[in-house]
Amino acid sequence: ETGAQMPVRFSIHKDEVSLTIDTSGDGLHKRGYRRNSNDAPLKETLAAGMCDIARIFPDTQFFDPFCGSGTLVIEAALKAANIAPGLRRYFAAERFDFIPIEVWQRERTRAQDLIRHNIDFKAQGFDIDPKCVELTMQNAKKAGVEKYVKAAVADIKDFTPPKERCLTITNPPYGERIKSDDMEALYDEIGTMLKNEFKGYNAWVISENNDTFDKIGLKPSLKYPILNGALECELRQYVIFAGTYSEFRKEGRSVKNENFRGEAKQKFLRSRFEPTAVEGDAAKEETRSERPARSAANREGRKFESKERR
C-alpha cells in the first residue's frame, strides 16, 4: 500500500463500537514545549482550563509559588499573548493526502497574525527546587514565552510577594507521587502566606479534595471539582481580605458568589474584591471591560462552568 498512514482508534461502550481516524497523533495536551518535567506535572490542557476559569488578560501579573516545570506560568503566558497552543507541534493529519498542505500553512500564518505583541503580561514562578526553576525557564523558551516569564528559587515560608497587583494560581504538592515531609504544615503555611501577604487579591489553588486542603484555613468562595489524572481534586478560589471574616461580613460583603456567572461575575469580582485602582490603572480596567464578551477564551470558560453546574 502507498500513501500516508492513518492511525485508527476504536472504543467499545456496551454493544456499540466506534471507529475513528486519529488526526492528532500525540494527545492534544502535548503542546510540544514540555519534553522534560518534574515528578507530578499538571497536564497542559488542565492548566489552560484553570487559567480560563481565573481569567487571564494581556495586562495580568501572574504568580505561582509552586511552579514545578512551569506549566501554569507558560499556559497563562500563552493565553495572555493569544498564542495558539498547537502552533509549535506536529499533527498526524498533516500527512493526509486529502488535506492540502496550503491549508496548514494558511492556518499557521493566521495563528501567527493573531498573536498579541508588546503586552504588559508578566508571570513569576517560584519553587524550592533549583531543577524545577531551570526546567521552567527551559520550557518557557521552547514555548516562545520566555520574555514574559521569570522563575527563581524560593521557599514558601520565606516568600516576599511582588509589589504589583497579581493573580495567583498554584498547584502545591499532593497525592501519592509527590509529598512534602509535613503536608498539613505546608498547607497551613500557604494559608498564612495568602492571608498576610495577598490582602485584596484573588488566589486559586488546586489540590486533592481531602482534609489536608482544609488546613489552608481560609473560606473558599468557589469550588470546582476536577480530575487530575485519577485523583479527585478541587480548584478553589480564595478572596483575601483584611481582618476577620465576621468583620468582613459586617461590612455587607461575602466571599460566596454562587450567583455569578460569565461577565457579571467578573464585573463583581473587579468592583468588590480587587484592590482600588491606582493612578495609571483606570485605562487598563476600561480596556478590560471593552473586550469582546464572546472571545474564544470566554466561550471555553463558559463551557467549563456549564459542565461544572451539571
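FYI, the numbering just counts along the sequence from 1.
- A 4.5 Å side-chain heavy-atom check between I169 and D64 finds every atom pair outside the cut-off.
- Heavy-atom contacts from other residues, nucleotides or ligands closer than 6.0 Å to CG of D211 number 12 or fewer.
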With side-chain hydrogen bond (donor to acceptor under 3.5 Å, both in side chains) as the test, would you mind laying out the steps for N228 and Y174 before giving the verdict?
-> CA-CA 11 Å; N228 182 10; Y174 57 88; 2.7 Å; yes
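- Here the side chains of F66 and L186 are in contact, with some heavy-atom distance below 4.5 Å.
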Could you walk me through whether E184 and T212 pass the side-chain hydrogen bond (donor to acceptor under 3.5 Å, both in side chains) check?
-> CA-CA 6 Å; E184 292 188 359; T212 302; 5.0 Å; no
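- A heavy-atom distance below 4.5 Å is found between the side chains of Y90 and R95.
- Both tests pass for R236 against the ring of F213: distance under 6.0 Å to the centre and angle within 45° of the axis.
- Taking R108 as the reference, E94 meet the side chain to side chain donor-acceptor pair (under 3.5 Å) condition, with sequence neighbours excluded.
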Yes or no on side chain to side chain contact (heavy atoms under 4.5 Å, CB included) for L28 and F91, after CA distance, side-chain angles and deciding distance?
-> CA-CA 9 Å; L28 289 175; F91 296 92; 3.8 Å; yes
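- Taking 4.0 Å as the cut-off between side-chain N and carboxylate O, K215 and D188 do not count as a salt-bridged pair.
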Output, in order, the C-alpha distance, side-chain angles, deciding distance and verdict of side chain to side chain contact (heavy atoms under 4.5 Å, CB included) for L167 and F63.
-> CA-CA 6 Å; L167 170 68; F63 169 73; over 6 Å; no
After noting the C-alpha distance and the side-chain angles of T168 and F198, does the key distance pass the side chain to side chain contact (heavy atoms under 4.5 Å, CB included) rule?
-> CA-CA 9 Å; T168 299; F198 285 83; 3.4 Å; yes
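- Contact check for P172 versus I190: side-chain heavy atoms found under the 4.5 Å cut-off.
- Salt bridge present: R110 and E107 bring a charged side-chain N and a carboxylate O closer than 4.0 Å.
- Rounding to the nearest 0.5 Å gives a distance of 5.0 Å between CD1 of I53 and CD1 of I226.
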Step by step, work out the side chain to side chain contact (heavy atoms under 4.5 Å, CB included) result for N139 and T71.
-> CA-CA 8 Å; N139 291 336; T71 308; over 6 Å; no
Before giving the answer on salt bridge (Lys or Arg N to Asp or Glu O under 4.0 Å), spell out for R89 and D26 the whole-Å C-alpha distance, their side-chain angles and the decisive distance to 0.1 Å.
-> CA-CA 9 Å; R89 59 158 285 168; D26 288 340; 5.5 Å; no
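- Under the 4.5 Å side-chain contact rule for hydrophobic residues, Y148 and I115 share a cluster.
- Through side-chain heavy atoms spaced under 4.5 Å, either directly or across other Ile, Leu, Val, Met, Phe, Trp or Tyr residues, L19 is tied to V8, F10, I12, V17.
- Side-chain contact check for E75 and Y33: at least one donor-acceptor pair (N or O, by modelled atom type) lies under 3.5 Å.
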